[in-house]
Amino acid sequence: ACASASAEEPAAAAAEGKHLTIAYSAPNAGWPYIAAWIGAFEAAAAEDPDVDVVVLSAEGDVAQQAADFDTLIAQGVDVILVCSLDGDAIVPSLKAASEAGIPVLAVSNEPSEDGQQYIVGYSGPDDYVQGKIAADLMAKALDNKGNIVIIEGTPGQSTTNLRNQGFMDQMEEKGYDFTILAQQTANWDPVQAKAVMEDFITAYGDQIDGVFSQDDNTAAAAGEVVRDAGLKMAIVGTGGSKNGTQAIRDGLIYGTMDQSPTTDAEQALKFAKMIANGEELPERRNIIPMPEITAENADQFPGEW
Amino acid sequence: MNESNIKKPNAVASFFRNLSGQTIWMVFAVLVITISLMEPKFISSSNILNVLRQVSIVGLISLGMTVVLIGGNFDLSTGAILTLAAVVSVNIGPENGPLTALAIIIPLLLGVFVGLLNGLLVGLLKANSIIVTVGTQFMVAGATLIYTGGQHVWVWSPTQFYEAISGGYLMGIPNPIFIFLILTVITQIILKRTSFGRYVYALGNNDDASRLMGIKTNLIRMSTYVFSGFTAAAAGILLASRVKNLDPTIGLGYEFQALTAVVLGGTKTSGGEGRIYNTLAGVLTLGIISNSMTLLNISYNLQLLIRGLILLTAVAIDAKRNQSVAR
Amino acid sequence: MKNIIQKSLQSGFVTFLKNQKVLAILIPLLILVSTQSNKFWSLYNLQGLWVIIAMDGIMLVGMVMVMLTAGLDLSIGAIMSLAGVICVYLMNELGLPMWAGILGGILVGALGGAMNGLFITAFKINPFIATLGTMITFEGLAMTITDGYPVVNKVLIFSEIGRGKLGIIPIPAIILAMIFTAGVIFLHYTETGRSIYAIGGNEEAAHASGIRVKRVKFITYTICGLTAGISGVILASRLSTGSPIVGSDSALNVITAAMLGGISMSGGVGTLEGAFLGVLTMGVLSNSFNMMNIQAYYQQVIKGILLLVVIVIDRVSANSRKKALERTRGKNQA
Amino acid sequence: MENNGKPILQMENINKYFPGVHALRGVSFTVLPGEVHALVGENGAGKSTLIKILAGIHHPDSGQIIWNDQPVSFQTPFEAWNSGIATIHQELMVVPQLSVAENIFLGRLPRTSANLIDHKEMYRKAQDILDHLDINLDAHELVGNLPIAMQQMVEIAKALSFDTQLIVMDEPTSALSQHEIDILFDRIKRIREQGKSVIFITHKLDEVFYLADRVTVLRDGSSVGTQDIHELTKDKLVRMMVDRDIRVGTLHAQRKPGKKILEVQNITIDGLFYDISFDLHEGEILGLAGLVGSGRSDVVSALFGIRKIEEGQILVNGKRARFHGPQDAIAAHIGFVPENRKEEGLLMRMSVLENLVMPSTPATSRKGLLNSAVESRIADEFIEKLSIQTPSKWQFIGNLSGGNQQKVILARWLNISPKILIIDEPTRGIDVGARSEIHKLLRSYAEDGVGIIMISSEMEEVLSISDRIVVLRDGRVAASLNSDQATQETIVSYALGVTK
Ligand SMILES: Nc1ncnc2c1ncn2[C@@H]1O[C@H](COP(=O)(O)OP(=O)(O)OP(=O)(O)O)[C@@H](O)[C@H]1O
Ligand SMILES: Nc1ncnc2c1ncn2[C@@H]1O[C@H](COP(=O)(O)OP(=O)(O)OP(=O)(O)O)[C@@H](O)[C@H]1O
Ligand SMILES: [Mg+2]
Ligand SMILES: [Mg+2]
């Protein structure tokens, strides 16, 4: 009885155009991108007196994110924005929300196919596309062929899996002649990235032409190792963070692609309000623009996180 | 094997005999030989230096962890201390001389302070050290996040000195290795050659008996935590200097790596027993495992399996060899 | 059977509550959250809360037994993910019936636990390091089986285990109640259960008194793995996914909860009932933080402080109890 | 004694090696039905090792055990108990966290028909056993809350509650007071009457002559021989044990006690002891007598700064002493040998040397650095002087026999050049040879001017070496006697509070 009562509330609230409570289920508020995202989100929401926001962080724990969802459903918020830790594991939670009548907009990280039926749509960057863009950048830098090593994020995470897949698929589709010499994890940790890069250099030396590092921090870290070893490699990162764009300007890495948490968060908030007011989203998948960044245009991208 | 771990006088000769009696050094030697056969690049001098540099951060934490463990306690807050120290160090912005000094001194003081807090709580309350240090870990990690707002911190143009902490060389050897090895030797001297070190062992053996012999057990216990806080903070500075751009959760989990190395080195979790040189071997063993896996490009999944099995084998051998010793 | 439990609960209930220092957090917390959030007591929230508590609570049963022998199991998180992966894998990739998948997952958990027990008893490896080793190994196994990708469940009814309800009670909570009851009976009313306390209290004495220490320890680790397996299957059902990377914090969470609830790391001290209050408190804590919309960073700091507060309360009262116990002489003359 | 000739137990040619120690060298011995068989020998002779083999804790490296005509080899204590051999070990083997009843029935708790433990039955039966033994204890009490003596009685109750043919007791009386010892001996005699056998290990020769039918003597891991008690005298037995002459007798002061070094004035800790006063002079041995639990240990713990006194004062050398902890007492040259060696004395996994020099570390070290040359010399000197038997000064102290451990602890305090030495139960569990050495040692240090306070539960010990005796009862001074006034009867009557 309780569940249905709370489910009816938001509809009523929306109809009167009154106060909205928009919730964000974050994977881990300690991750810089997410932290920046939350900052931008809260700032944007603060400008609108009719919007309250609730932010819950799952602290990197899949089970906690499911619990967070239950909490949000119990609170009877109007819209849930979710950046899922795991695109598969989130599906039951999406289902529960949809059964409770709370609309969910996936942001920053997309749920798997099974989950699509329970969400209103998606807004944010696209990890898979980022992998593709990275392959394109690499191809540009290496003239379509060369030996490559990959420094992955945490194994098993969908971000890692998608960026890998995007890179490989693009390589195939565009017929880039890359040879993957080795692929190892750095768990998103620049310290580990340095160790991995050092070991790659020990193992392959100047055979390596390019490095695909799955985020900017590890890319920059790898860049420093390459520089210190007196070698030259084309390093491609992901994310367009302050550190990444600076590394491009410093000549440490070749390129990355922008992923702005502000754009991401503001678009998410805008869509959330639209959803609450019963409006249609422009597209089902609303990918934010992710322009390539290289030395040529790095000055236009100071980085936000 | 059943003699005490005190260093006997006239040690140089017995040093190597001593080492050969330590399981972890044997495991280490076997691994080194096996890996060298599989991948000759492994024993190149540059790779050796790489490994040493890579382990120096975890190695530093392990030193403090060993001392705390010998005293009969745990310190699970070191990962959080390391993170706090690294973040604060970078955030101070060591871009000129005085700032560089601050970026080194303040994090160390913070580490010492958290260590003091740990020591006070564990000692005065006689509370279980695991739960206490998990408590301080939460507090320190949370405080670090609040301090940074969850954002990256970085320093674009640190002074040469700051860069050199982890990037420089002394006589062709990277500085972090020097820092780590010197602190290892100092820790060894503290543990084996000073009365403080002896009291730490006594404490871990039998708290009550130690007190009855006039040892100020609370003070000693607190000092072990201060030392651990110090080494964790030192590791944080090393890390900060190595990447200069960090996210505020970067070091969480390092405490488990260090703990693994320490226990792999034969230090008893029940206290009273342990040797710093074996911790060194534990640190190196973990270091060469991940180094060689990368060199051989073994997939991460398989790495985990192999690492787990090596760990289990090593401790199983150690346990078997120790079995004749009375409880 | 019911009778026994009822009586033992009644007789010691008041003393039991008096001994639970963690209530000093739980009760104020409940009052606070009741005044701050009208949703906390909503059925929906309570249901969600109990599901979370159930998964840690089930593992707690095994962990408490291990901890009572002065042991420790760091591998339960890895066992959880391995069991979940295997369970979903059996059903979806091999097309086995649901019961086989569930049984498979639980068995894998028990097997993992047995492996821990073997290393700890036969090879005499310190439990801390042994389970650290198996933890890494199990993680590697789960990753190898799935190649790092989650295995998705397609068997619809399977989700009911984790998400279904019997009346208004979530099924995981019912499973918890059954396992918890079994655990309490086991610890109080069986020879092996009492032996667990004896071993933790004085292993040498237990051995010399003819208790088969190795056997009992082996059993506790196997049970611990089993409970982790059950939790893993429930989580897999709840997420409809066998993910190789869940549960990384489980061991520390459950151990912390057990200690909050009065289980001593050095063995022999504490009860399952008390430990359960620890899990309850941890669950209510994060739930009510969320209900009160406290920022994640501050949540961590508050959690840390509260942990320390419990320790302080516990020590202060333990000290006064010890003094009272000690100073009995001369009182009858005076 | 009816000797039907057919032994129930034969241990033949047992050999046992520990690292660096050949603990048993081909020991053989037999136990007949219905006999009390005493096993005696110096510390480290191998008595405990032998019975641990019988109990399934250790495994012999060679040799055979024949139990009831069957060759057996107990792999675990479980098998030994199940075969009908109950053992009380030298170290307390109780589980402090469990109740008295659970300790008594550990490993064989009474069950209901549903195969669950029957708690009610267990407590009822346990209470029965305790009452029957005249042990004034509540079966529900946690063993950890009991004084050591009571814990030992729980162990005895446990062994006696078994329906076994053989009960093995390794120094069961070392922690007991006379009342409990009487109960125990009465039991043992009854067991013998039932045709069951007892192996009894003790260092107190009176007990041997009071109880035993036959005696087997071990020396250095070998069996010296087995004799009928009637064929033995004390002197003869001692000579078998130590192979040298030992003077057992009183050791009183040769010189007049010097000036007062310690004045205890009306000290009180509420609930522990009240209004305690006495003096200690240079060169004097002051015996503190009393029943177990009379508060002797608590009084000396206050003298050593472990507990804070609430009223009264302590003067050392005429000056008021305020000890905030043992370190202050040690700084005032007071040494303290605690009664529970294992819990409060030993650093088990540290070497003999480290255990020995620990409290003098501040004195021998310079600027915090250890001086290993000096320490080595000290260790060698004391190992020699107190004839501590150890393979080397680097041996873990945990591997030494109890007597040798006690000597190391004594040496630890002798090395701080004490002015006052407090010894709580100096010879608990220590053999005649070592005991007389320790007594001589105490006396010779007293002759050098050290004031010694000694607590002992053995009347003989108190009487034989004390110059003065303070008797405590229920935390109060009941009497202060000169050694020439004191007899066993006077002390006991003061301790019990029976007026004559
Ligand atoms: N677990 C052990 N490891 C190594 N040596 C041991 C062990 N147990 C006993 N020993 C050694 O074996 C010898 C015999 O010891 P045991 O304890 O049997 O003597 P004991 O006759 O019982 O002496 P006490 O009267 O002091 O109890 C001693 O030298 C002792 O140091
Ligand atoms: N009759 C009693 N009632 C309550 N507590 C007791 C009693 N006897 C002993 N205790 C407890 O046991 C401890 C041992 O007492 P204490 O050691 O002071 O006595 P003691 O005369 O030295 O006896 P022992 O010979 O056992 O050393 C005390 O601290 C006290 O708490
Ligand atoms: Mg003995
Ligand atoms: Mg006493």
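The structure presented is a predicted model; accordingly, all values stated were derived computationally and were not measured. A, B, ... follow the sequence lines: proteins, then strands. Residue 1 opens every chain.
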Distance in Å, D:Ile117 CD1 paired with C:His188 NE2, rounded so as to fall on 0.5 Å steps: 10.5 Å
Distance in Å, C:Asn202 CG paired with D:Gln97 CD, rounded so as to fall on 0.5 Å steps: 8.0 Å
Are C:Ile185 and D:Leu116 packed together at the side-chain level, in the sense that at least one heavy-atom pair is separated by less than 4.5 angstrom? yes
Please, which pairs that meet salt bridge (charged side-chain N to carboxylate O under 4.0 Å, His left out) have at least one residue in residues 78-97 of chain D, sequence neighbours excluded? D:Lys52-D:Glu91
Given side-chain contact (heavy atoms from CB on, under 4.5 Å), test D:Lys158 with C:Ser209 step by step and report yes or no. CA-CA 10 Å; D:Lys158 172 183 179 176; C:Ser209 308; 2.7 Å; yes
Apply ring-ring contact (aromatic ring centres under 6.0 Å, His included) to residues D:Phe78 and C:His207 and explain how you reach the verdict. CA-CA 8 Å; D:Phe78 178 76; C:His207 181 64; over 10 Å; no
Which residue out of D:Ala159, D:Ala80, D:Pro77, D:Gly107 racks up the most heavy-atom pairs below 4.5 Å with chain C? D:Pro77
Looking only at D:Leu92, D:Asn82, D:Leu98, D:Thr87, the option with the highest number of non-hydrogen pairs under 4.5 Å against chain C is D:Leu98
Which residues pass the salt bridge (Lys or Arg N to Asp or Glu O under 4.0 Å) test with D:Glu102, sequence neighbours left out? C:Arg194
Quick check against the 3.5 Å criterion: does C:Glu191 have a side-chain atom that pairs as donor or acceptor with the backbone of D:Leu109? yes
Heavy-atom contact with chain C under 4.5 Å, split by part of D:Arg108: backbone
Of the listed C:Gly193, C:Ala206, C:Ala208, the one with the largest count of heavy-atom pairs under 4.5 Å with chain D is C:Ala208
Does the side chain of D:Thr76 pick up a donor-acceptor pair with the side chain of C:Lys214 at under 3.5 Å? no
